[in-house]
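Input: a single structure, listed below in structure tokens.
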Amino acid sequence: MADVPRLRFAPSPTGMFHVGGGRTALYNWLYARKHNGQFVLRIEDTDESRNEDQWTDLIFESMKWLGLNWDELHTQSENAQKHADAGRKLFANGNAYYCGCTQDEVRARTADNAKPGYDNHCRNLGLEPGDGRALRFRVPEGQTHVTDLIRGNPVFDNSNIEDFVIVRSTGVPVYLLANVVDDMDQRISHVVRAEEHLNNTPKQMMLWKALGGGDVPVYAHLPLIVNEKRQKISKRRDKVSMQMFRDEGFLPEAMCNYLALLGWSPSDDREIIDLDTMCQEFDFSDVNKAGAFFDLKKLTHINGEYIRKLSNDEFVTRAMPFLERAKGKQFDAALFDEQTFRRMAPLVQERVERLDEVAEMVFFFFVDLPDIDEAALLATKPEQAIPVLESVARGLANCDWNHAALHESVAHTGEGLGLALRKAQAPVRLAVTGRKVGPPLFESMEVLGRDAVLKRIERLVGILHHAS
RNA sequence: GGUCCCAUCGUCUAGCGGCCUAGGACAUCGGCCUUUCACGCCGGUAACACGGGUUCAAAUCCCGUUGGGACUGCCA
């Protein structure tokens with residue numbers, strides 16, 4: 001058997017796929033790819049009460065979106081028989097025993113104990129399997145040394161570990177056991193997961209040994225991704241669903257890049273690096289130990305960088321779904337025209353940090369008359385704006401129709417009124433785009449055409465007259 | 001409470017005993033560029049949690065304190 005590393009990512013389909021899972025998947029993937037190893041995706045679907053197919057599908061979708069392909073796919077449930085067999089084996093060879101205590105009984109007996117946990121009440125009773133009896137692992141004396149590529153090698157004194165349940169009284173094995181059996185079965189060599197599992201590790205190592213699994217895996221416990229309160233991010237509290245980021249117009253390559261940076265950094269001062277470069281440079285010895293705050297601002301910035309790096313064509317392609325989504329909302333579906341968008345795209349590309357901002361930036365091309373931003377309208381003084389608009393309109397009526405000529409015309413008109421171009425263009429922009437900021441005005445006017453522009457100017461003059 | 005983990009600018013980090021008057025990035029604040037907004041460029045503010053050691057020399061090693069976190073389910 002070749003000794004290529006085999007890593008696995010083992011998410012449970014019990015809720016949305018979040019950034020923590022994404023980072024864990026990424027690090028597993030990176031290490032496997034770097035060392036020509038294999039990357040196993042295993043769906044931990046044995047929590048019947050919570051798992052649903054939709055969540056499993058979401059895991060697949062999210063992994064594909066991120067570009068993290070897997071070599072093997074397994075489900076925990078497919079190994080149910082082996083999990084049960086492992087429980088029987090542990091009982092048969094004396095490494096586990098049946099316990100008839102209910103959870104309430106244990107709690108009542110141990111409430112005042114200095115050392116928490118199960119009190120070994122049934123440890124030497126020699127109970128046979130039976131109704132209401134759970135199988136507990138007989139924790140041996142000694143110490144358990146964990147080999148962790150990130151945290152040195154933590155040592156756990158077994159005396160601090162209770163005889164934990166490995167098979168419920170219902171006969172269903174618990175995660176701790178199932179997970180180990182699957183890792184053995186799938187010949188996993190490196191277990192890379194979040195730090196929250198560190199305390200489980202000695203238990204799993206003991207199970208591994210008791211089951212005769214041979215060499216235990218090497219571990220790597222990743223720093224937690226935390227919220228602003230420095231607590232582990234949770235699906236419930238924090239807005240960290242991968243799907244949400246996708247829907248908001250984050251690019252998967254930007255997401256991967258940012259996720260990689262949460263606990264790791266390449267050798268020099270670079271930050272924007274592609275997956276191939278990450279693969280070459282990645283190593284667990286460079287992964288940080290302290291928790292990392294998920295900073296939306298930095299993610300957003302990196303996303304902007306990736307958007308600007310796109311070719312124009314690629315940008316248009318990626319933005320199209322977001323424009324489709326805006327049809328009937330920000331603009332009229334019937335008036336949308338891809339060629340118009342294509343002409344403006346280069347100007348828009350460097351002005352957005354998320355793809356979902358694109359529609360708002362070009363909506364005024366695809367409506368008959370844009371709605372006028374209220375705050376901007378309120379800030380516009382009719383007595384100043386009306387003369388500008390009327391003069392500009394006269395100049396525009398028969399000048400050449402290209403952005404250079406339009407620029408010159410508006411600038412000239414402004415000069416005549418003693419206004420700098422920055423002042424003169426403001427009401428024109430409001431008339432044409434309905435906003436006070438947006439893509440370059442004269443290029444927009446060129447694309448929009450003379451009739452539309454004049455119509456919009458005339459319309460704003462009307463509104464301003466009415467307001468004054 | 002118990003076990004384990006962690007600790008450099010607000011944030012992500014570089015640093016693995018001398019190159020550190022602590023570097024980069026995000027954010028923030030100035031300025032330049034400019035038809036708005038961005039982009040780009042230039043510059044500023046801003047950190048080694050604290051206390052002991054070890055050493056000629058410590059952000060870097062050791063111990064302690066403080067602080068934070070995870071786990072502590074017959075969930076995964």
Discussion item. Regarding C74(B), can its base be found pairing with the side chain of S169(A) as donor and acceptor, where the two atoms are less than 3.5 Å apart?
Written reply: yes
Discussion item. Which nucleotide, if any, forms a Watson-Crick or G-U wobble pair with U3(B), using both distances under 3.5 Å?
Written reply: A70(B)
Worksheet, complete the sentence: Closest non-hydrogen atoms of M278(A) and N257(A), given as atom of the first, atom of the second and distance, are CE-CA, 3.6 Å
Discussion item. Tell me whether the side-chain N/O atoms of R422(A) come closer than 4.0 Å to OP1 or OP2 in U36(B).
Written reply: yes
Worksheet item: Checking all strands, does N200(A) fall into the base, sugar-phosphate, or nothing category for heavy-atom contacts under 4.0 angstrom?
Response: base
Worksheet item: When the C1' atoms of A47(B) and A38(B) are considered, how many whole Å apart are they?
Response: 31 Å
Worksheet entry | Residue matched to U65(B) through Watson-Crick or wobble contacts both under 3.5 angstrom | A49(B)
Discussion item. In this structure, how many angstroms lie between the C1' atom of C71(B) and the CD atom of Q231(A), rounded?
Written reply: 14 Å
Worksheet item: Taking a pair as Watson-Crick or G-U wobble with both distances under 3.5 Å, which nucleotide is matched to C9(B)?
Response: none
Worksheet item: Which whole number of Å gives the distance between the P atom of A58(B) and that of G51(B)?
Response: 14 Å
Worksheet item: What is the pairing partner of A38(B), taking Watson-Crick or G-U wobble pairs with both distances under 3.5 Å in any strand?
Response: none
Item to complete: Record whether the side chain of R308(A) comes under 3.5 Å of the base of C39(B) through a donor-acceptor pair of N or O atoms.
Response: no
Worksheet item: F293(A) side chain: which of C12(B), A76(B), U35(B) is closest?
Response: C12(B)
Practice prompt. With C1' as the reference atom in both, quote the distance from C16(B) to C61(B) in angstrom, rounded to an integer.
Written response: 11 Å
Worksheet item: Is any NZ, NE, NH1 or NH2 atom of the basic residue among E314(A) and R318(A) found under 4.0 Å from an Asp or Glu carboxylate oxygen of the other?
Response: yes
Worksheet item: Does E353(A) come within less than 4.0 Å of R308(A), counting only side-chain N to carboxylate O?
Response: no
Worksheet entry | Atom pair distance, as rounded to whole Å: CZ in F294(A) and P in A27(B) | 15 Å
Item to complete: Could you note down all residue pairs passing ring-ring contact (aromatic ring centres under 6.0 Å, His included) where residues 150-180 of chain A supplies at least one of them, sequence neighbours left out?
Response: F137(A)-F164(A)
Worksheet item: Heavy atom of residues 437-444 of chain A under 4.0 Å from RNA chain B: which residues?
Response: V437(A), G438(A), P439(A), P440(A), L441(A), F442(A), E443(A)
Taking only N/O atoms, report every protein-nucleotides 44-49 of chain B pair under 3.5 Å with atom names and distance.
none

Discussion item. Check the phosphate of A14(B) against S265(A), side-chain N and O only, distance under 4.0 Å to OP1 or OP2. Yes or no?
Written reply: yes
Discussion item. Within the 4.0 Å heavy-atom criterion, would you say G263(A) contacts the bases, only the backbone, or no part of the nucleic acid?
Written reply: sugar-phosphate
Worksheet entry | Interatomic distance, K115(A) NZ vs U3(B) P [rounded to whole Å] | 8 Å
Worksheet, complete the sentence: Paired to A14(B) by Watson-Crick or G-U wobble criteria (both distances under 3.5 Å) is none
Discussion item. Measuring only the P atom in each nucleotide, how far is A49(B) from C9(B)? A whole number of Å is fine.
Written reply: 7 Å
Practice prompt. Could you give the distance separating G52(B) and C41(B) at their C1' atoms, to the nearest angstrom?
Written response: 48 Å
Worksheet item: For the residue pair F282(A) and F284(A), does the interplanar ring angle fall in the parallel (under 30°), tilted (30 to 60°) or perpendicular (over 60°) class?
Response: perpendicular
Worksheet item: Paired with A22(B): which nucleotide, if any, by Watson-Crick or G-U wobble criteria at under 3.5 Å for both distances?
Response: none
Worksheet item: Is D104(A) salt-bridged to R109(A), cutoff N-O under 4.0 Å?
Response: no
Discussion item. What is the distance, to the nearest angstrom, from the CG atom on N160(A) to the P atom on G1(B)?
Written reply: 16 Å
Discussion item. Distance check, P atoms only: A22(B) and C50(B), in whole angstrom units.
Written reply: 15 Å
Practice prompt. Ignoring hydrogens and angles, answer whether the base of A25(B) and the side-chain atoms of K298(A) contain a donor-acceptor pair closer than 3.5 Å.
Written response: yes
Worksheet item: Can you find a donor-acceptor pair, distance only, under 3.5 Å between E271(A) side chain and G24(B) base?
Response: yes
Fill in: Distance, C1' atom - from U60(B) to U3(B), rounded to whole angstrom
29 Å
Discussion item. Tell me the interatomic distance from K229(A), atom NZ, to A70(B), atom P, rounded to whole angstroms.
Written reply: 11 Å
Worksheet item: Under 4.0 angstrom, heavy atoms only, what part of the nucleic acid is Y258(A) near: base, sugar-phosphate, or nothing?
Response: nothing
Item to complete: Using the C1' atoms only, state how far C12(B) lies from A27(B), rounded to an integer number of Å.
Response: 11 Å
Worksheet item: Starting at CG of L406(A) and ending at C1' of U36(B), how long is that distance when rounded to a whole Å?
Response: 16 Å
Discussion item. At 4.0 Å (heavy atoms only), tell me whether H221(A) reaches a base, stays on the sugar-phosphate, or touches nothing.
Written reply: nothing
Practice prompt. Would you indicate, yes or no, if A14(B) has its OP1 or OP2 atom less than 4.0 angstrom from a side-chain nitrogen or oxygen of N288(A)?
Written response: yes
Practice prompt. Please determine if a side-chain N or O atom of Q103(A) lies less than 4.0 Å away from the OP1 or OP2 oxygen of C74(B).
Written response: yes
Worksheet item: Within less than 4.0 Å of OP1 or OP2 of A70(B), is there a side-chain N or O belonging to R151(A)?
Response: no
Practice prompt. Look at the rings of F294(A) and F245(A) and say which category their plane angle falls in: under 30° parallel, 30 to 60° tilted, over 60° perpendicular.
Written response: tilted
Discussion item. With a 3.5 Å cut-off and heavy atoms only, can you find an N or O donor on one side and an acceptor on the other between the side chain of R230(A) and the base of U11(B)?
Written reply: no
Worksheet item: With a 6.0 Å cut-off on ring centres, are F60(A) and W70(A) close enough?
Response: yes
Worksheet entry | Salt-bridge present (D183(A), R8(A); N to O < 4.0 Å) | yes
